[in-house]
Structure formats: C-alpha cells, structure tokens
Visitor: 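Sharing a structure here in structure tokens format.
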Amino acid sequence: MEMRRGAFQFGYWWIHVTWAGTIVHKVSFSRTGEEADIPLQLRQYLNGKVNGISPLTSVALESDYPYSKIYREVSKIPYGITKTYSEIAEITKTNPRLVGNAMKRNPTPLIIPCHRVVAKEGIGGFTPDIEIKKSLLLMEQKFSKSLNLS
DNA sequence: TCTGTTATTGCGC
DNA sequence: GCGCAATAACAGA
C-alpha cells in the first residue's frame, strides 16, 4: 500500500496527515501548509459532518508500540465523551502521569482521540496548542447535541 | 548507563 | 493552596 501525505486547515493550524490505505502513520501540526488531499472520513470529521473517523486506524494501535495499551483504551472513548487521565491509568494499570506522557508522544493525534482525555479538574494539555484541543471538544459537543435533537 | 523530563493525581501540611 | 511521591518511557549526554 502506497504511503500518502496530505494537509488540511483547521482554525489557525494546519494538520498534516501521512497514511496508507486505512492506516494512519503520522499526524502533525504546523502554522503553515498547503491544501492537499487527506482521507475523506478525516476531512468530514474535521468539518463537523460525521461523528467518527471509521474505518481509519492508527499505527500506534499495533501491539509492538510501547504505549499501545494506553492508545487502545483511549481510542475506545466514544465521540463527544471525555475521560480523565486517571481513568485511563486505572484500566491500563499504569500511572496518570504516564498516560499524559503517552498522549504527548502520540504519533497520530485525532486518530487516537487524545483530545478526549482531560485532567480531573481542568482540560489537561495538548501539544502544540491547547486551543486545538478546545476546538475539537467544542465541535464534538455541538455536533453530538445536534444529533440528539434531530 | 544515568539523568532530567513529562498533556497527573492525591495526600499531608 | 503548595510541595511531594508514585512511576515508566525516552531523549540527550
């Protein structure tokens, strides 16, 4: 399967995606970019038009990745829902601190919905910009609410 | 190898 | 409120 690279503008940030088929290998952020195709499901998700990115998955879920247990648990969090670092830590028998570490080193944010993991009191963090996390959570909340109404 | 660094939390003061 | 330990992967030296 051929590896492809694309970019999508989201607010003030560009989201760069590297993928092959339905497996996403890398997601990164930068201030500048140039429009280039990304997987359709991801684009619709970022536009707030669908409540998920199925069938896309991440290389980080492959079992030989160090934090894969944490990543698998995080990817189970449904659209529009948030969990805390400590909840993930309890399930994976690790430490909340380590969960934060895993999120920071997440090679594919969005695909692994690390923005749905928040601190017990507060939002937690996000690299490179907390505003991205806030926008994503706000967008998900709005869209899931509109689904309930219809 | 060894050390410093995390997107945290809960407890003691 | 503040300081600190728990705890494991990783980068850089």
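Computed over heavy atoms, backbone and side chain alike; hydrogens, waters and symmetry mates excluded. Chain naming here is simple, since letters A, B, ... match the order of the sequence lines and numbering starts at 1 in each. The model shown is predicted, which means the values in this text are computed figures rather than measured ones.
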Visitor: Using the test salt bridge (charged side-chain N to carboxylate O under 4.0 Å, His left out), find all partners of A:Glu73 that sit at least two apart in sequence or belong to another chain.
Guide: A:Lys76
Visitor: Could you check whether any side-chain heavy atom of A:Leu46 comes within less than 4.5 Å of a side-chain heavy atom of A:Ile38, counting everything from C-beta outward?
Guide: yes
Visitor: Round to the nearest Å and state the distance from A:Phe126 atom CZ to B:dT8 atom P.
Guide: 14 Å
Visitor: Taking atom P of B:dT6 as reference, at what distance in whole Å does atom OH of A:Tyr85 sit?
Guide: 14 Å
Visitor: Tell me whether A:Leu138 shares a hydrophobic cluster with A:Trp13, the cluster being built from Ile, Leu, Val, Met, Phe, Trp, Tyr side chains joined at under 4.5 Å.
Guide: no
Visitor: Once the angle between the rings of A:Tyr79 and A:Tyr45 is folded into 0 to 90°, is it parallel (under 30°), tilted (30 to 60°) or perpendicular (over 60°)?
Guide: perpendicular
Visitor: Just by distance, do the side chain of A:Tyr71 and the backbone of A:Asn106 share a donor-acceptor pair under 3.5 Å?
Guide: yes
Visitor: On DNA chain B, compare the nucleotides closest to A:Glu121 and A:Asn101; which residue's is nearer the 5' end?
Guide: A:Asn101
Visitor: Give the rounded distance in Å between these two atoms: CD1 of A:Ile91 and C1' of B:dT8.
Guide: 16 Å
Visitor: Could you list, one pair per line, each protein nitrogen or oxygen that sits under 3.5 Å from a nitrogen or oxygen of nucleotides 5-7 of chain C, together with the distance?
Guide:
| unit_1 | atom_1 | unit_2 | atom_2 | d |
| --- | --- | --- | --- | --- |
| C:dA6 | N6 | A:Arg97 | NH1 | 3.0 |
| C:dA6 | N3 | A:Asn95 | ND2 | 3.4 |
| C:dT7 | O4' | A:Asn95 | ND2 | 3.3 |

Visitor: List DNA chain C stems (3 or more consecutive Watson-Crick/G-U pairs, under 3.5 Å)?
Guide: B:1-6 with C:8-13, B:8-13 with C:1-6
Visitor: Following the transitive rule for hydrophobic clusters with a side-chain heavy-atom cut-off under 4.5 Å over Ile, Leu, Val, Met, Phe, Trp and Tyr, establish whether A:Val118 and A:Leu110 coincide in one cluster.
Guide: yes
Visitor: Could you write out each protein N or O paired with an N or O of nucleotides 10-13 of chain B at a distance under 3.5 Å?
Guide:
| unit_1 | atom_1 | unit_2 | atom_2 | d |
| --- | --- | --- | --- | --- |
| B:dG10 | OP1 | A:Lys120 | NZ | 2.7 |
| B:dG10 | OP2 | A:Lys120 | NZ | 3.1 |

Visitor: Check whether any side-chain N or O of A:Arg72 sits under 3.5 Å from a backbone N or O of A:Leu61 as a donor-acceptor pair, and report yes or no.
Guide: yes
Visitor: So A:Ile123 and A:Lys134, do their side chains get closer than 4.5 Å, heavy atoms only?
Guide: yes
Visitor: Using whole Å, what does the distance between atom C1' of nucleotide C:dA8 and atom CE of A:Met103 come to?
Guide: 14 Å
Visitor: With a 3.5 Å distance limit and no angle check, can you tell me whether A:Lys133 reaches the backbone of A:Gly125 through a side-chain donor-acceptor pair?
Guide: yes
Visitor: Can you find a heavy atom in the side chain of A:Phe126 that is under 4.5 Å from one in the side chain of A:Cys114?
Guide: yes
Visitor: For nucleotides B:dG4 and C:dC4, find the distance between their P atoms and express it as a whole number of Å.
Guide: 16 Å
Visitor: Of the residues in residues 105-114 of chain A, which ones touch DNA chain B at a heavy-atom distance under 4.0 Å?
Guide: A:Cys114
Visitor: Applying side chain to side chain donor-acceptor pair (under 3.5 Å), can you list everything that pairs with A:Lys142, at least two apart in sequence or on another chain?
Guide: none
Visitor: Do the side chain of A:Glu87 and the main chain of A:Thr84 share a donor and acceptor less than 3.5 angstrom apart?
Guide: yes
Visitor: Do the numbers put A:Arg31 on top of the ring of A:Trp14, so that NZ or CZ is under 6.0 Å from the six-membered ring centre and no more than 45° off the axis?
Guide: no
